[in-house]
Amino acid sequence: MPQPAPASGPDLSRYPGGEALYRMRHSAAHILATAVTELFPEVKVAGGPPVDGGFYYDFAKPTPFTPEDLETIEARMREVVRAGQTFEFAETTRDEAAKVWANEKYKLHFLSQIPEGAKVTTYRNGEFLDLCRGPHVVSTANVTAFKLTHVAGAYWLGSEKNEMLQRIYGTAFESQAELDEHLKRIEESLKRDHRKLGRELDLFSIHEEVGPGLVHWHPRLGMVRHMLETFWKEEHLKAGYQLVYTPHIASEKLYEISGHLQNYADIMYAPMQVDEQAYRVKPMNCPNHIMIYNSRKHSYRELPLRYAELGTVYRYERSGVLHGMERVRGFTQDDSHIFCTPDQLQSEIEGVLALMDLLLKTCGYEYSCYLATRPLDKYLGSDAEWEFATNALKQALEHRGLPYEIDEGGGAFYAPKIDVKLRDAIGREWQCPTIQVDLNLPKRFGVYFTGSDGQDHEVIMLHRALYGSLERFVGIFIEHTGGEFPVWAAPLQAMIVPVHARAFEYAQQTAEMLRAAGVRVEVDTRDEKMGAKIRDAELQKVPYMVVVGPRDAEAGTCAPRRKGQGDLGTMPREQLVVRLREEIRTRAR
RNA sequence: GCUGGUGUAGCUCAGCUGGUAGAGCACGUCACUCGUAAUGACGGGGUCAUCGGUUCGAUUCCGAUCACCAGCUCCA
């Protein structure tokens, strides 16, 4: 019988794939450690849990594992599986366990975390004994389909202050077919990588001559961004926001007041000297928005005030973290700061959540929210303030019926926040929308409103971004759509394909008709066969291809083709205009 | 930033053990005038990431730097 899952441990029912898969991957990790300790007796073992999509095990080894080592290890693992070793559960004491792992400093650390007198549980398969809560499958033979995928460094205990261990990743499934399908899915998703599509569809580029992490938007992606920005502005104006514009550099004095210089010096670019005064490129928009607010007194009657800006900021991101458009050094936040009274806070948050929902749903995203609470140490503000702000966020989420998870201690040092993460092509999560209740800047800048009592009261400042940054959002948008943007956002919405040169004139006429209806359209007048034109338009992921020939010229018709659907049949041109106009107007997906 | 890997034409990639490079697509020219995913012929294009070393000789071996990829850490 397999051991039951421990009472205190990860919640296995929530593991993607369920408890059975958890057991198998956990056991696969032990088999990996079994093989490694046999083949490389000099390694020290750390630990290895199942993770989303697979498992890993960390080792300390003086020389790195090579790709060939992985093959050797995997081969040895298969022998262990064939041997059908039983996973034997045992309990012991901390002192006994400390003797067993006397030479394993990482295991000793884990032991030290177990309370004195508590039971220590172990699992043995063959010669390999591991300190482990379980649960496992019955026998190594139950690990049916697995594969080692890659090696990478990982800090001991997840802290960059510690030494780096070598982490071997693998994945396991209940059948070879499922494993094959998983690997195939990863391979397929790589085709949607925004960096690959960025090249293929001529969307953006990054240049060594300019610098890493600095994105150049090509005309096509420029149009996608323009459409997203237009949509954003329309909806923000409707929701009572006011557009502001602020400078890209500021005197260091500003960042001394804001505290950025003290707290974010490592992400800010070096100062430049202007007339005896040091200036900095802006890393955030908040101080500038406060300047606008503070340029005069405000009555409680004016609040809430909602300043919105597509604000471009520059941050020094460490070289290893840059990632296409999704993690860059210069980016535009769809930033807004809402100045309100404590009474208004919750309804303002709800308004932000409603707007966020509209933007994300229109772009086709499902999303999940995290409520990030006060950090354990290093935070500003009183407990009462944190409680008030956190509660407002929580109430707003619940009032809007949004499910959320608590990210305990995940807040910024100056603010509790709601974070929303979107997934890229291969399932990596990226933080995009964020809503933060700032407990710091109103104090530092002295941001007040005059109450009905004629006295100054500190404003509540809500900081929020809904796309997050245009760069990251669009990067993920490319991956979600696979470059097939919805018609309203597509750079080119329709390509007219004349069957031959004699139909050019009618093609131009048709293009004009669509253009007059607000459709982005081009005519493919290249000296090519129409098959080639169709093929090229398909590859460029143009949503509509409109074939026209002499027959259409006589009848006033066209023969549109929808990408992914094929020929829609011959129809009057007016009918196509109506169809396109409606699809664009409703921002249909 | 850290650990490991990669760097050959605009793109995708060949190039065995050192003797200065090739394909397909793309691009240009010409011919073909075509009804729903590739018409044909010819042509131009590379200081083999950069710098240094070993060697009679380096795209190939060694080192450094830069960029990129995966992961860790950090973040919009």
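Just so we're on the same page: letters track the sequence lines, and every chain starts at 1.
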Taking NZ from A/Lys191 and P from B/rU12, how many angstroms apart are they, rounded to a whole number?
-> 15 Å
Determine the interatomic distance between C1' on B/rA23 and the same-named atom on B/rG45; round to the nearest Å.
-> 14 Å
Would you mind classifying the nucleic acid contact of A/Pro433 as base, sugar-phosphate or nothing, using non-hydrogen atoms under 4.0 angstrom?
-> nothing
Would you indicate what A/Ala465 reaches in the nucleic acid, counting non-hydrogen atoms under 4.0 angstrom: base, sugar-phosphate, or nothing?
-> nothing
Among B/rC75, B/rA37, B/rU33, the one nearest any side-chain atom of A/Ala501 is B/rU33
Does A/Tyr155 make a side-chain donor-acceptor contact with the base of B/rG1, cut-off 3.5 Å?
-> yes
Scanning all shown strands, the Watson-Crick or wobble mate of B/rA64 with both distances under 3.5 Å is B/rU50
If you measure from the P atom in B/rC11 to the same atom in B/rC27, how many Å do you get, rounded?
-> 15 Å
Would you classify A/Gly531 as touching base, sugar-phosphate or nothing, given that sugar-phosphate means primed atoms plus P, OP1 and OP2, and contacts are heavy atoms under 4.0 Å?
-> sugar-phosphate
Any donor-acceptor pair under 3.5 Å joining the side chain of A/Arg167 to the base of B/rU3?
-> no
Looking across every strand, which nucleic acid part, if any, lies under 4.0 Å from A/Gln166 by heavy atom: base, sugar-phosphate, or nothing?
-> nothing
Once you round it to whole Å, what is the distance between P of B/rG5 and CD1 of A/Ile168?
-> 14 Å
For A/Val547, report the nucleic acid contact type (base, sugar-phosphate, nothing); a contact means any heavy atom under 4.0 Å.
-> base
Whom does B/rC34 pair with, Watson-Crick or G-U wobble, provided both distances fall under 3.5 Å?
-> none
Heavy atoms under 4.0 Å, any strand shown: does A/Ala559 hit a base, just sugar-phosphate, or nothing?
-> base
Contact class for A/Arg199 vs. all strands (heavy atom < 4.0 Å): base, sugar-phosphate, or nothing?
-> sugar-phosphate
With a cut-off of 6.0 Å (strictly less than), are more than 12 heavy atoms of other residues, nucleotides or ligands near NZ of A/Lys533?
-> yes
Find which nucleotide of RNA chain B each of A/Gly468 and A/Ile426 is nearest to by heavy atoms, and output the residue with the more 5' nucleotide.
-> A/Ile426
Determine the Euclidean distance between corresponding P atoms of B/rA26 and B/rU39; express it in Å to zero decimal places.
-> 10 Å
Atom CD of A/Glu505: over 12 foreign heavy atoms under 6.0 Å | no
What's the CG-C1' distance between A/Asn162 and B/rU3, to the nearest Å?
-> 14 Å
Interatomic distance where CE belongs to A/Met545 and P belongs to B/rA37 [whole Å] = 10 Å
Does the side-chain contact (heavy atoms from CB on, under 4.5 Å) test come out yes or no for A/Lys147 and A/Leu183, once each step is laid out?
-> CA-CA 10 Å; A/Lys147 181 176 170 47; A/Leu183 297 173; 3.6 Å; yes
With respect to the phosphate group of B/rG1, does any side-chain polar atom (N or O) of A/Ser319 fall under 4.0 Å of OP1 or OP2?
-> yes
Sub-6.0 Å ring centroid separation between A/His26 and A/Phe55 | no
Taking the six-membered ring of A/Phe173 (Phe, Tyr or Trp), confirm whether the NZ or CZ of A/Arg25 is under 6.0 Å from its centre and within 45° of its axis.
-> yes
Have a look at A/Tyr316 and say if it touches a base, only the backbone sugar-phosphate, or nothing, with a 4.0 Å heavy-atom cut-off.
-> sugar-phosphate
OP1 or OP2 of B/rC34 under 4.0 Å from side-chain N/O of A/Arg502 | yes
Phosphate OP1/OP2 of B/rC72 contacted by A/Arg318 side-chain N/O (<4.0 Å) = no
Out of B/rA76, B/rA37, B/rG35, which nucleotide sits closest to the side chain of A/Arg551?
-> B/rG35
Just checking A/Phe65: base, sugar-phosphate only, or nothing, at a heavy-atom cut-off of under 4.0 Å?
-> nothing
Give the rounded distance in Å between these two atoms: CZ of A/Arg526 and P of B/rA37.
-> 15 Å
Just call it for A/Asp335: base, sugar-phosphate, or nothing, with non-hydrogen atoms closer than 4.0 Å on any strand.
-> nothing
In whole Å, what separates the C1' atom of B/rC30 from that of B/rG44?
-> 15 Å
Is there a Watson-Crick or G-U wobble partner for B/rU3 with both distances under 3.5 Å, and if so, which one is it?
-> B/rA70
With centres under 5.5 Å and planes under 30° as the test, does A/Tyr169 stack with B/rG71?
-> no
Shortest side-chain distance from A/Ile534, nucleotide among B/rU36, B/rC34, B/rA76 = B/rU36
Quick one: which of B/rC11, B/rA70, B/rC66 gets closest to the side chain of A/His323?
-> B/rA70
pair_partner(B/rC13), Watson-Crick or wobble, both distances < 3.5 Å, evaluates to B/rG22
Describe the nucleic acid contact of A/Glu471 in one word from base, sugar-phosphate, nothing, applying a heavy-atom distance below 4.0 Å.
-> nothing
Side chain A/Glu209 and base B/rA67 donor-acceptor under 3.5 Å = no
Nucleotide paired to B/rC42 in any strand shown, Watson-Crick or G-U, under 3.5 Å | B/rG28
Test side-chain hydrogen bond (donor to acceptor under 3.5 Å, both in side chains) applied to A/Gln333 and A/Ser469, step by step = CA-CA 4 Å; A/Gln333 295 180 304; A/Ser469 86; over 6 Å; no
Does the ring center of A/Phe204 lie less than 6.0 Å from the ring center of A/His194?
-> yes
Touch check for A/Gly158, heavy atoms < 4.0 angstrom, all strands: base, sugar-phosphate only, or nothing?
-> sugar-phosphate
Kindly check if the number of other-residue, nucleotide or ligand heavy atoms within 6.0 Å of CD (A/Gln262) is above 12?
-> yes
Cation-pi between A/Lys44 and A/Phe59: NZ/CZ under 6.0 Å from ring centre and within 45° of the ring axis?
-> no
Ignoring hydrogens and angles, answer whether the base of B/rA70 and the side-chain atoms of A/Arg428 contain a donor-acceptor pair closer than 3.5 Å.
-> no
What one should report as the nearest heavy-atom pair of A/Arg561 and A/Ile534 is NE-CG2, 3.6 Å
Gap between atoms CZ and C1', on A/Arg472 and B/rC74 respectively (whole Å) | 11 Å
A/Leu576 CG to B/rU36 C1', in whole Å, measures 15 Å
Regarding the side chain of A/Val499, the nearest nucleotide among B/rC72, B/rA37, B/rG35 is B/rG35
A/Leu539 CG to B/rA26 P, straight-line distance once rounded to whole Å = 10 Å
What is the nucleic acid contact for A/Glu317, judged by heavy atoms within less than 4.0 Å: base, sugar-phosphate only, or nothing?
-> base
Quick one: which of B/rG1, B/rA76, B/rC2 gets closest to the side chain of A/Met164?
-> B/rC2
Looking only at N and O atoms, is any donor in the side chain of A/Arg329 or the base of B/rC75 less than 3.5 Å from an acceptor on the other one?
-> no
Among the nucleotides B/rU39, B/rA38, B/rG4, which one has an atom lying closest to any side-chain atom of A/Pro64?
-> B/rG4
Could you say whether A/Val420 or A/Met530 is positioned toward the 5' end of RNA chain B, judged by the nucleotide with the nearest heavy atom to each?
-> A/Met530
Would you mind classifying the nucleic acid contact of A/Val313 as base, sugar-phosphate or nothing, using non-hydrogen atoms under 4.0 angstrom?
-> nothing
